[in-house]
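Just so it is clear, the model here is predicted, and its values are computed rather than measured. Order of the sequence lines sets the chain letters (A, B, ...), proteins ahead of strands, with each chain counted from 1. FYI, side chains are in, hydrogens and waters are out, and symmetry mates aren't considered; it's all heavy atoms of this structure.
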Protein chains: 2
Amino acid sequence: MRAKNSEHLSPSGRGGRKTRAMAKQAERRAATTEAILTAARRLFGTQGFAATTMDEIAEGASVAKGAVYHHFKTKEAVFEAVFDQVSRDLVAEIDRTARAEKDVLAAMVAGTQHYFAATAKGPTGQIILRDGPAVLGWERWREIDAQHFGGKMPRALSAAMEAGLIARQPVEPLARLLLGAVTEAAVACAGRADIARAGAEYARAFKSLVEALRVRA
Amino acid sequence: MRAKNSEHLSPSGRGGRKTRAMAKQAERRAATTEAILTAARRLFGTQGFAATTMDEIAEGASVAKGAVYHHFKTKEAVFEAVFDQVSRDLVAEIDRTARAEKDVLAAMVAGTQHYFAATAKGPTGQIILRDGPAVLGWERWREIDAQHFGGKMPRALSAAMEAGLIARQPVEPLARLLLGAVTEAAVACAGRADIARAGAEYARAFKSLVEALRVRA
DNA sequence: ATTAAAACCGACTGATAGTCGGTAAATACC
DNA sequence: GGTATTTACCGACTATCAGTCGGTTTTAAT
């Protein structure tokens with residue numbers, strides 16, 4: 001151990017000097033931040049938040065601890081950044097899956113299923129479902145979640161109401177309830193050996209719940 | 001500061017000596033444990049888990065830190081015991097409320113509403129909804145929760161199916177989903193200033209969800 | 001060239017969860 | 001009764017780790 005870094009970044013091409021040069025510092029910043037985030041994401045994902053130390057993160061990113069604190073105020077701040085990144089990636093995946101469906105409700109179910117699968121195990125689940133609420137606090141967690149995956153639920157419901165698929169009613173509360181249901185299901189799946197079967201089971205139950213809302217003639 | 005204890009327990013009445021005496025040690029144990037739990041419950045409830053130190057708990061219980069560690073292996077163990085106690089109390093309250101209703105589904109809604117109110121603010125909410133999942137981990141949290149409040153949901157659903165109020169289907173997954181919905185709602189309520197209004201809002205949404213499941217002619 | 005500002009370093013500090021050797025009280029055994 | 005053993009309790013001490021701080025190097029502005 002002890003490789004240290006000695007490049008940090010290469011000067012790359014220098015175009016203008018004063019007129020257009022302001023990129024060196026920014027590049028450096030971006031590179032270091034990314035290294036920290038990458039290391040932190042790996043460590044948080046495998047060991048969990050509590051078992052990961054700031055020294056490990058610094059070591060993993062090949063920078064001194066001071067550098068980490070130069071870019072992030074606290075350990076929680078590092079986690080939040082990682083959390084945000086993972087969420088963003090997850091949402092992108094889910095979007096791709098859901099876009100394939102036609103019916104809004106069907107897309108909701110499909111997206112949900114993907115959410116199950118992705119968060120059921122591995123680093124993503126550790127970060128999103130386990131440490132997320134624990135570290136950020138449930139309020140903050142839900143707040144961020146609402147900006148990513150969680151925000152899709154209200155939109156889907158609104159669309160469904162608009163299309164006359166389900167009865168008109170206050171969207172927000174219902175969305176929260178359904179989101180809570182989904183999250184709970186994901187967590188429940190995460191704790192089981194037969195994830196595939198469990199996932200299917202919950203997906204069916206969720207579908208049944210959503211279908212119950214569908215207006216009938 | 002520095003009152004210390006000098007009674008710890010009174011010898012109380014001594015009945016038999018050897019034949020029936022084995023209560024002194026147990027009493028002592030129980031008294032100390034209870035003192036610790038009482039102090040911990042107050043501190044965890046008001047300051048939260050992270051902001052409460054073991055020294056504070058020991059001080060609050062008028063014992064040395066060593067005594068606390070003699071009875072509880074870790075800080076988490078203390079919390080778990082407190083959590084268990086609070087859960088038990090909450091369930092007892094909810095039971096009383098729900099028993100007043102007649103319809104099984106109605107009881108479910110009523111019990112849920114009580115759950116909202118109780119966990120929305122104050123020490124109970126802090127312990128059950130905030131620190132609970134964070135400290136115990138979501139799995140363990142749900143496991144304990146299932147033994148208390150959570151365990152009621154499957155039973156209620158079974159009864160509802162039995163009575164023909166809702167369509168027959170796998171109970172466990174649906175129960176989990178609804179429980180997740182309720183919990184989410186409670187958390188959402190907890191984070192709002194107008195708890196009364198929010199609670200009513202979510203209660204209505206939950207009712208709408210449950211009612212959607214009701215079989216129709 | 002000079003000055004300022006931002007990135008980075010790593011030894012140090014403060015707080016606290018958990019330990020450990022020891023004392024006192026209760027219980028078991030003779 | 002006395003002696004040994006087990007259980008409850010004590011509080012100074014240790015280990016760990018988040019966060020700090022004065023100092024150094026690199027980049028940018030003038």
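Among residue pairs with one or both ends in residues 169-190 of chain A, none qualify as ring-ring contact (aromatic ring centres under 6.0 Å, His included); sequence neighbours excluded. Sorted by first and then second residue, the side-chain hydrogen bond (donor to acceptor under 3.5 Å, both in side chains) pairs involving residues 74-84 of chain A (not counting sequence neighbours) are E80(A)-R140(A), D84(A)-R88(A). Counting only residues at least two apart or on different chains, the side-chain hydrogen bond (donor to acceptor under 3.5 Å, both in side chains) pairs with a member in residues 107-118 of chain A are E93(A)-H114(A), T97(A)-H114(A).
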Study note, to complete from the structure: Readout for nucleotides 14-21 of chain C: B = base within 4.0 Å of protein heavy atom, S = sugar-phosphate only, - = neither; 5' to 3' it is --SBBB--
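Using five terminal pairs a side, the axes of the helix from dA1(C)-dT30(D) to dC30(C)-dG1(D) at its two ends make an angle of 10°, given in steps of 10 degrees.
Applying the 4.0 Å criterion to OP1 and OP2 of dC8(C), one finds that H71(A) has a side-chain N or O inside that range.
With sequence neighbours excluded, the residues forming a side chain to side chain contact (heavy atoms under 4.5 Å, CB included) with E56(A) are L43(A), Q47(A), T52(A), T53(A), listed by chain and number. For A67(B), the side chain to side chain contact (heavy atoms under 4.5 Å, CB included) criterion is met by V63(B), not counting sequence neighbours. Judged as a salt bridge (Lys or Arg N to Asp or Glu O under 4.0 Å), and not counting sequence neighbours, the contacts of K152(A) are D95(A). Residues passing the side-chain hydrogen bond (donor to acceptor under 3.5 Å, both in side chains) test with Q169(A), sequence neighbours excluded: S208(B). Partners of F44(B) by ring pair (Phe, Tyr, Trp, His ring centres under 6.0 Å), not counting sequence neighbours, listed by chain and number: F49(B), F79(B). Looking at residues two or more places apart in sequence or on another chain, you find a salt bridge (Lys or Arg N to Asp or Glu O under 4.0 Å) between K65(A) and D55(A).
I57(A) places its CD1 atom 12 Å from the C1' atom of dC17(D), with the value rounded to the nearest Å. The CD1 atom of I36(B) sits 11 Å away from the P atom of dA8(D) (whole-angstrom rounding). E59(B) places its CD atom 11 Å from the P atom of dG11(D), with the value rounded to the nearest Å.
Counting all heavy atoms, side chain and backbone alike, P154(A) lies closest to E172(A) at CG-OE2, 4.0 Å. Across all non-hydrogen atoms, the minimal contact from A205(B) to P173(A) is CB-CB, 3.6 Å.
Listed nucleotides: dC8(C), dA28(D), dA8(D). Nearest to the side chain of K24(A): dA28(D).
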Under 3.5 Å, which protein N or O atoms sit close to an N or O of nucleotides 1-7 of chain D? Give each pair with its distance.
unit_1, atom_1, unit_2, atom_2, d
dT7(D), O4', Q25(B), NE2, 3.4

